[in-house]
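Please read these numbers as outputs of a predicted model, since none were measured by experiment. Atoms within a ligand are numbered from 1 in the order they appear, just like the ligands themselves.
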Amino acid sequence: MAFSNHFFFLFALIVLIISGIKGDDTDLIRLECGKNFTNNDNLQANINNTIFDLVTKTSAYGFANTSHGSGSDTVYGIADCRGDVSDQICSACIANASQQIQTTCWNSAEARIWYPYCFLRYNTSNFIGQADMNVVGLWYSSDNMMNPKVFKSTLTELLVVLWFTAANAENRKFGWGQIENHNLKNSNDEAVIIYGMAQCTCDLNNLACSMCLANAFNKTESKCGEADTGCYLILKSCAVRYEINPFLFLDATTPPETTRSITFGDI
Ligand SMILES: *[C@@H]1O[C@H](CO)[C@@H](O)[C@H](O)[C@H]1NC(C)=O
Ligand SMILES: *[C@@H]1O[C@H](CO)[C@@H](O)[C@H](O)[C@H]1NC(C)=O
Ligand SMILES: *[C@@H]1O[C@H](CO)[C@@H](O)[C@H](O)[C@H]1NC(C)=O
Ligand SMILES: *[C@@H]1O[C@H](CO)[C@@H](O)[C@H](O)[C@H]1NC(C)=O
Ligand SMILES: *[C@@H]1O[C@H](CO)[C@@H](O)[C@H](O)[C@H]1NC(C)=O
Ligand SMILES: *[C@@H]1O[C@H](CO)[C@@H](O)[C@H](O)[C@H]1NC(C)=O
(Lines give C-alpha, C1' and ligand atoms only; values in the text may rest on other atoms or scores of the structure.)
(Ligands and ions follow the chains in the order given, each with its own letter.)
Protein backbone atom coordinates (compact mmCIF):
# COMPACT_ATOMS: atom_id res chain seq x y z
CA MET A 1 0.00 0.00 0.00
CA ALA A 2 1.56 3.28 -1.04
CA PHE A 3 0.91 6.32 1.10
CA SER A 4 1.73 9.69 -0.33
CA ASN A 5 2.00 13.04 1.32
CA HIS A 6 -0.27 15.94 0.47
CA PHE A 7 1.89 18.80 1.62
CA PHE A 8 4.04 17.92 4.58
CA PHE A 9 7.19 16.61 2.97
CA LEU A 10 9.06 16.61 6.25
CA PHE A 11 6.77 13.95 7.60
CA ALA A 12 7.69 11.28 5.10
CA LEU A 13 8.44 8.89 7.98
CA ILE A 14 4.74 8.62 8.73
CA VAL A 15 4.31 7.10 5.30
CA LEU A 16 6.35 4.17 6.56
CA ILE A 17 4.43 3.96 9.81
CA ILE A 18 1.10 3.71 8.06
CA SER A 19 2.49 1.12 5.70
CA GLY A 20 3.06 -1.07 8.72
CA ILE A 21 6.76 -0.57 9.43
CA LYS A 22 6.18 -0.48 13.15
CA GLY A 23 9.83 0.19 13.97
CA ASP A 24 9.35 3.82 13.07
CA ASP A 25 6.35 4.48 15.29
CA THR A 26 8.50 6.23 17.88
CA ASP A 27 9.77 8.98 15.59
CA LEU A 28 8.96 12.57 16.39
CA ILE A 29 6.15 14.07 14.29
CA ARG A 30 6.43 17.69 15.34
CA LEU A 31 7.86 19.93 18.07
CA GLU A 32 6.94 23.57 18.65
CA CYS A 33 8.74 25.86 21.10
CA GLY A 34 7.54 29.40 21.67
CA LYS A 35 7.99 32.55 23.80
CA ASN A 36 11.58 32.42 25.07
CA PHE A 37 12.25 33.64 28.56
CA THR A 38 15.43 34.29 30.55
CA ASN A 39 16.24 34.44 34.26
CA ASN A 40 12.94 33.33 35.69
CA ASP A 41 13.55 30.49 38.12
CA ASN A 42 10.00 30.61 39.33
CA LEU A 43 8.63 29.99 35.85
CA GLN A 44 11.29 27.37 35.18
CA ALA A 45 10.33 25.54 38.34
CA ASN A 46 6.63 25.64 37.36
CA ILE A 47 7.48 24.24 33.92
CA ASN A 48 9.60 21.51 35.51
CA ASN A 49 6.82 20.60 37.94
CA THR A 50 4.20 20.64 35.19
CA ILE A 51 6.23 18.32 32.97
CA PHE A 52 7.07 16.01 35.88
CA ASP A 53 3.40 15.84 36.84
CA LEU A 54 2.31 15.16 33.24
CA VAL A 55 4.81 12.33 32.85
CA THR A 56 3.81 10.72 36.15
CA LYS A 57 0.05 10.97 35.59
CA THR A 58 0.10 10.04 31.92
CA SER A 59 2.22 6.96 32.65
CA ALA A 60 -0.41 5.92 35.20
CA TYR A 61 -3.66 6.92 33.48
CA GLY A 62 -2.87 7.54 29.80
CA PHE A 63 -3.77 11.21 30.02
CA ALA A 64 -3.21 14.18 32.33
CA ASN A 65 -4.30 17.77 32.88
CA THR A 66 -2.45 19.94 35.39
CA SER A 67 -1.29 23.42 36.31
CA HIS A 68 1.43 24.82 38.59
CA GLY A 69 2.25 28.24 39.98
CA SER A 70 0.28 31.46 40.19
CA GLY A 71 -0.09 34.78 38.41
CA SER A 72 1.79 35.28 35.16
CA ASP A 73 4.11 32.39 35.97
CA THR A 74 1.26 29.85 36.00
CA VAL A 75 1.94 26.93 33.69
CA TYR A 76 -0.90 24.83 32.26
CA GLY A 77 -0.20 21.40 30.86
CA ILE A 78 -1.87 18.41 29.27
CA ALA A 79 -0.62 15.12 27.89
CA ASP A 80 -2.29 12.16 26.20
CA CYS A 81 -1.38 8.80 24.81
CA ARG A 82 -3.24 7.36 21.83
CA GLY A 83 -6.21 5.57 23.40
CA ASP A 84 -5.28 2.04 22.36
CA VAL A 85 -1.58 1.86 23.25
CA SER A 86 -0.28 -0.21 26.18
CA ASP A 87 0.95 1.35 29.44
CA GLN A 88 4.50 0.45 28.45
CA ILE A 89 4.33 2.19 25.08
CA CYS A 90 2.59 5.14 26.68
CA SER A 91 5.19 5.65 29.42
CA ALA A 92 8.09 5.23 27.00
CA CYS A 93 6.55 7.73 24.62
CA ILE A 94 5.73 10.33 27.24
CA ALA A 95 9.17 10.01 28.87
CA ASN A 96 10.72 10.58 25.49
CA ALA A 97 8.43 13.54 24.80
CA SER A 98 9.34 15.20 28.09
CA GLN A 99 13.04 14.69 27.50
CA GLN A 100 12.82 16.03 23.96
CA ILE A 101 10.77 19.06 24.96
CA GLN A 102 13.08 19.93 27.86
CA THR A 103 16.17 19.63 25.71
CA THR A 104 14.92 21.52 22.69
CA CYS A 105 12.53 24.02 24.31
CA TRP A 106 14.64 24.62 27.44
CA ASN A 107 13.89 28.36 27.57
CA SER A 108 10.36 28.35 26.17
CA ALA A 109 7.30 29.46 28.11
CA GLU A 110 5.14 27.34 25.80
CA ALA A 111 5.74 24.15 23.88
CA ARG A 112 3.96 21.28 22.15
CA ILE A 113 5.20 17.93 20.95
CA TRP A 114 3.55 15.20 18.87
CA TYR A 115 4.61 11.59 18.57
CA PRO A 116 2.52 8.87 16.90
CA TYR A 117 1.57 7.46 20.32
CA CYS A 118 1.55 10.53 22.55
CA PHE A 119 1.25 14.28 22.84
CA LEU A 120 2.43 16.77 25.46
CA ARG A 121 1.78 20.49 25.79
CA TYR A 122 2.43 23.27 28.29
CA ASN A 123 1.78 26.97 28.11
CA THR A 124 1.67 30.04 30.35
CA SER A 125 -1.59 30.96 28.59
CA ASN A 126 -4.56 28.93 29.77
CA PHE A 127 -5.48 26.95 26.66
CA ILE A 128 -7.38 24.25 28.59
CA GLY A 129 -10.63 23.35 26.88
CA GLN A 130 -10.06 25.34 23.68
CA ALA A 131 -10.08 23.37 20.45
CA ASP A 132 -7.15 24.33 18.22
CA MET A 133 -8.06 23.14 14.74
CA ASN A 134 -4.86 23.99 12.90
CA VAL A 135 -3.36 21.14 10.92
CA VAL A 136 -0.29 19.29 12.18
CA GLY A 137 -0.13 16.75 9.36
CA LEU A 138 -2.11 14.78 6.81
CA TRP A 139 -1.19 11.46 5.19
CA TYR A 140 -3.21 9.24 2.89
CA SER A 141 -3.17 6.03 0.89
CA SER A 142 -5.16 4.64 -2.00
CA ASP A 143 -6.20 1.10 -2.83
CA ASN A 144 -8.60 0.16 -5.60
CA MET A 145 -12.08 -0.79 -4.51
CA MET A 146 -14.60 -2.75 -6.54
CA ASN A 147 -17.19 -0.13 -5.74
CA PRO A 148 -15.88 3.20 -4.42
CA LYS A 149 -19.42 4.37 -3.63
CA VAL A 150 -19.89 1.47 -1.22
CA PHE A 151 -16.52 2.25 0.36
CA LYS A 152 -17.59 5.85 0.83
CA SER A 153 -20.96 5.07 2.41
CA THR A 154 -19.47 2.37 4.67
CA LEU A 155 -16.72 4.74 5.74
CA THR A 156 -19.23 7.48 6.52
CA GLU A 157 -21.14 5.06 8.74
CA LEU A 158 -17.92 4.27 10.63
CA LEU A 159 -16.89 7.92 10.96
CA VAL A 160 -20.22 8.89 12.48
CA VAL A 161 -19.75 6.22 15.16
CA LEU A 162 -16.15 7.28 15.83
CA TRP A 163 -17.19 10.90 16.08
CA PHE A 164 -19.94 10.15 18.57
CA THR A 165 -17.85 7.69 20.59
CA ALA A 166 -14.79 9.94 20.94
CA ALA A 167 -16.73 13.12 21.70
CA ASN A 168 -18.83 11.42 24.37
CA ALA A 169 -16.05 9.35 25.93
CA GLU A 170 -15.57 9.93 29.66
CA ASN A 171 -11.88 10.81 29.96
CA ARG A 172 -9.67 9.86 27.10
CA LYS A 173 -11.85 11.20 24.31
CA PHE A 174 -10.92 8.23 22.18
CA GLY A 175 -13.09 6.13 19.91
CA TRP A 176 -12.13 3.28 17.65
CA GLY A 177 -14.02 0.99 15.36
CA GLN A 178 -14.03 -1.40 12.47
CA ILE A 179 -16.72 -1.95 9.90
CA GLU A 180 -17.48 -4.71 7.46
CA ASN A 181 -20.03 -4.53 4.69
CA HIS A 182 -20.69 -7.61 2.56
CA ASN A 183 -20.82 -5.41 -0.55
CA LEU A 184 -17.43 -3.89 0.22
CA LYS A 185 -14.71 -5.60 -1.82
CA ASN A 186 -11.34 -4.63 -3.20
CA SER A 187 -10.54 -4.94 -6.90
CA ASN A 188 -9.54 -8.61 -6.33
CA ASP A 189 -13.04 -9.31 -5.05
CA GLU A 190 -11.75 -9.78 -1.48
CA ALA A 191 -13.72 -8.61 1.54
CA VAL A 192 -12.47 -5.38 3.06
CA ILE A 193 -12.70 -4.16 6.65
CA ILE A 194 -12.25 -0.47 7.41
CA TYR A 195 -10.50 0.29 10.72
CA GLY A 196 -10.66 3.72 12.27
CA MET A 197 -10.02 5.89 15.31
CA ALA A 198 -10.75 9.41 16.47
CA GLN A 199 -9.29 11.21 19.47
CA CYS A 200 -9.36 14.63 21.07
CA THR A 201 -6.93 15.98 23.64
CA CYS A 202 -8.25 15.21 27.13
CA ASP A 203 -8.86 18.86 28.08
CA LEU A 204 -11.72 19.24 25.57
CA ASN A 205 -15.31 18.79 26.70
CA ASN A 206 -17.82 16.89 24.56
CA LEU A 207 -18.87 19.94 22.58
CA ALA A 208 -15.33 21.20 21.85
CA CYS A 209 -14.25 17.67 20.91
CA SER A 210 -17.25 17.25 18.66
CA MET A 211 -16.45 20.55 16.91
CA CYS A 212 -12.81 19.62 16.44
CA LEU A 213 -13.71 16.23 14.97
CA ALA A 214 -16.37 17.76 12.69
CA ASN A 215 -13.62 19.95 11.34
CA ALA A 216 -11.25 17.00 11.02
CA PHE A 217 -13.78 14.80 9.21
CA ASN A 218 -14.59 17.66 6.91
CA LYS A 219 -10.89 18.00 6.07
CA THR A 220 -10.44 14.27 5.50
CA GLU A 221 -13.37 14.41 3.12
CA SER A 222 -11.94 17.25 1.07
CA LYS A 223 -8.27 16.21 1.29
CA CYS A 224 -8.54 12.44 1.18
CA GLY A 225 -11.38 12.42 -1.30
CA GLU A 226 -13.07 9.44 -2.86
CA ALA A 227 -10.03 7.53 -4.07
CA ASP A 228 -8.19 7.33 -0.78
CA THR A 229 -8.89 4.29 1.36
CA GLY A 230 -6.59 5.45 4.13
CA CYS A 231 -6.34 8.86 5.75
CA TYR A 232 -4.52 10.11 8.83
CA LEU A 233 -5.14 13.69 9.86
CA ILE A 234 -3.73 15.31 12.98
CA LEU A 235 -5.17 18.65 14.04
CA LYS A 236 -3.68 20.39 17.05
CA SER A 237 -6.51 19.29 19.36
CA CYS A 238 -7.79 16.12 17.67
CA ALA A 239 -6.90 13.40 15.23
CA VAL A 240 -8.67 10.96 12.95
CA ARG A 241 -7.33 7.98 11.09
CA TYR A 242 -8.84 5.21 9.00
CA GLU A 243 -7.44 2.53 6.76
CA ILE A 244 -8.16 -0.94 5.42
CA ASN A 245 -5.32 -2.52 7.39
CA PRO A 246 -5.57 -3.06 11.14
CA PHE A 247 -3.33 -0.47 12.79
CA LEU A 248 -4.70 -0.28 16.33
CA PHE A 249 -3.44 -2.18 19.38
CA LEU A 250 -6.64 -3.64 20.72
CA ASP A 251 -5.69 -7.20 21.67
CA ALA A 252 -4.91 -6.31 25.28
CA THR A 253 -8.23 -4.59 25.98
CA THR A 254 -11.71 -5.88 26.70
CA PRO A 255 -13.63 -7.11 23.64
CA PRO A 256 -15.63 -4.40 21.91
CA GLU A 257 -19.38 -4.36 21.62
CA THR A 258 -20.70 -5.55 18.30
CA THR A 259 -23.67 -3.79 16.81
CA ARG A 260 -24.83 -4.85 13.35
CA SER A 261 -21.65 -5.04 11.35
CA ILE A 262 -19.98 -2.22 13.24
CA THR A 263 -17.57 -2.98 16.04
CA PHE A 264 -16.63 -0.10 18.23
CA GLY A 265 -15.39 0.86 21.69
CA ASP A 266 -14.18 3.83 23.65
CA ILE A 267 -11.68 2.28 26.08
C1 LIG B 1 12.44 8.95 21.30
O2 LIG B 1 12.50 9.97 20.30
C3 LIG B 1 13.52 9.82 19.36
C4 LIG B 1 13.55 11.07 18.48
O5 LIG B 1 12.34 11.32 17.86
C6 LIG B 1 13.27 8.54 18.59
O7 LIG B 1 14.29 8.34 17.63
C8 LIG B 1 13.23 7.37 19.57
O9 LIG B 1 12.92 6.20 18.87
C10 LIG B 1 12.18 7.61 20.63
N11 LIG B 1 12.18 6.53 21.62
C12 LIG B 1 11.08 6.09 22.22
C13 LIG B 1 11.25 4.99 23.19
O14 LIG B 1 9.97 6.56 22.00
C1 LIG C 1 14.45 30.92 21.43
O2 LIG C 1 15.84 30.90 21.62
C3 LIG C 1 16.53 29.97 20.80
C4 LIG C 1 17.99 29.97 21.17
O5 LIG C 1 18.29 30.76 22.26
C6 LIG C 1 16.32 30.35 19.34
O7 LIG C 1 16.97 29.40 18.51
C8 LIG C 1 14.83 30.34 19.04
O9 LIG C 1 14.59 30.76 17.71
C10 LIG C 1 14.07 31.25 19.99
N11 LIG C 1 12.65 31.04 19.79
C12 LIG C 1 11.76 32.03 19.80
C13 LIG C 1 10.33 31.63 19.58
O14 LIG C 1 12.08 33.20 19.96
C1 LIG D 1 14.41 22.42 35.76
O2 LIG D 1 14.81 21.18 35.17
C3 LIG D 1 16.06 21.26 34.52
C4 LIG D 1 16.28 19.94 33.77
O5 LIG D 1 15.83 18.85 34.50
C6 LIG D 1 17.15 21.53 35.54
O7 LIG D 1 18.42 21.60 34.91
C8 LIG D 1 16.85 22.86 36.23
O9 LIG D 1 17.76 23.10 37.25
C10 LIG D 1 15.43 22.88 36.80
N11 LIG D 1 15.14 24.25 37.21
C12 LIG D 1 14.41 24.56 38.28
C13 LIG D 1 14.29 26.00 38.60
O14 LIG D 1 13.84 23.71 38.96
C1 LIG E 1 0.11 29.03 23.95
O2 LIG E 1 -1.14 29.67 24.09
C3 LIG E 1 -1.33 30.77 23.19
C4 LIG E 1 -2.67 31.40 23.54
O5 LIG E 1 -3.68 30.41 23.55
C6 LIG E 1 -1.25 30.27 21.76
O7 LIG E 1 -1.36 31.36 20.87
C8 LIG E 1 0.06 29.56 21.53
O9 LIG E 1 0.08 29.00 20.23
C10 LIG E 1 0.23 28.44 22.54
N11 LIG E 1 1.50 27.81 22.33
C12 LIG E 1 1.67 26.51 22.46
C13 LIG E 1 3.04 26.00 22.15
O14 LIG E 1 0.79 25.73 22.82
C1 LIG F 1 -8.00 20.52 34.19
O2 LIG F 1 -7.39 20.98 35.36
C3 LIG F 1 -7.89 22.22 35.81
C4 LIG F 1 -7.09 22.64 37.03
O5 LIG F 1 -5.79 22.21 36.98
C6 LIG F 1 -9.36 22.09 36.17
O7 LIG F 1 -9.87 23.34 36.53
C8 LIG F 1 -10.10 21.60 34.95
O9 LIG F 1 -11.44 21.34 35.27
C10 LIG F 1 -9.48 20.32 34.41
N11 LIG F 1 -10.14 20.02 33.16
C12 LIG F 1 -10.37 18.77 32.80
C13 LIG F 1 -11.05 18.62 31.47
O14 LIG F 1 -10.06 17.82 33.46
C1 LIG G 1 -16.69 21.85 5.61
O2 LIG G 1 -15.83 22.56 4.73
C3 LIG G 1 -16.50 23.35 3.76
C4 LIG G 1 -15.44 23.99 2.88
O5 LIG G 1 -14.41 23.14 2.60
C6 LIG G 1 -17.35 24.39 4.46
O7 LIG G 1 -18.07 25.11 3.51
C8 LIG G 1 -18.30 23.71 5.43
O9 LIG G 1 -19.00 24.69 6.16
C10 LIG G 1 -17.53 22.83 6.40
N11 LIG G 1 -18.46 22.13 7.28
C12 LIG G 1 -18.22 21.96 8.58
C13 LIG G 1 -19.24 21.17 9.33
O14 LIG G 1 -17.23 22.41 9.14
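- Contact record, Gln130 with Asp203: N-OD2, 4.2 Å, taken as the closest heavy-atom pair.
- Looking from atom 8 (C) of ligand 4 to the surrounding protein, the closest heavy atom is Glu110 OE2, 3.5 Å.
- Side chains of Tyr117 and Cys81 form no contact here, defined as non-hydrogen atoms less than 4.5 Å apart.
- Put simply, atom 11 (N) of ligand 4 has protein non-hydrogen atoms near it, under 4.0 Å away.
- One side chain, Asp132 or Asn134, offers a donor N or O that lies under 3.5 Å from an acceptor on the other.
- Atoms of ligand 3 found under 4.0 Å from any heavy atom of Asp41, numbered from 1 in the order shown, are 13 (C).
- Closest to atom 14 (O) of ligand 4 among all protein heavy atoms lies Arg121 NE, 3.0 Å.
- Considering backbone and side-chain atoms together, Gln102 places no N or O closer than 3.5 Å to any N or O of ligand 3.
- In this structure, the protein non-hydrogen atom closest to atom 5 (O) of ligand 4 is Ser125 CB, 4.1 Å.
- For atom 9 (O) of ligand 4, the nearest non-hydrogen atom of the protein is Arg112 NH2, 3.6 Å.
- A donor-acceptor pair shorter than 3.5 Å can be found between the side chains of Asn181 and Thr154.
- Scanning the protein heavy atoms around atom 1 (C) of ligand 3, the nearest turns out to be Asn48 ND2, 1.4 Å.
- Taking atom 3 (C) of ligand 4 as the reference point, the nearest protein heavy-atom neighbour is Asn123 ND2, 3.6 Å.
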task: I would like to know whether Phe63 and Phe174 meet ring-ring contact (aromatic ring centres under 6.0 Å, His included); could you show each step before the answer?
output: CA-CA 11 Å; Phe63 65 96; Phe174 176 77; over 10 Å; no
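- Side-chain contact, Asn40 with Asp73: a donor N or O sits under 3.5 Å from an acceptor N or O.
- Within the 4.0 Å heavy-atom cutoff, Ala111 counts among the residues contacting ligand 4.
- Between Thr124 and Phe37 there is no side-chain heavy-atom pair separated by less than 4.5 Å.
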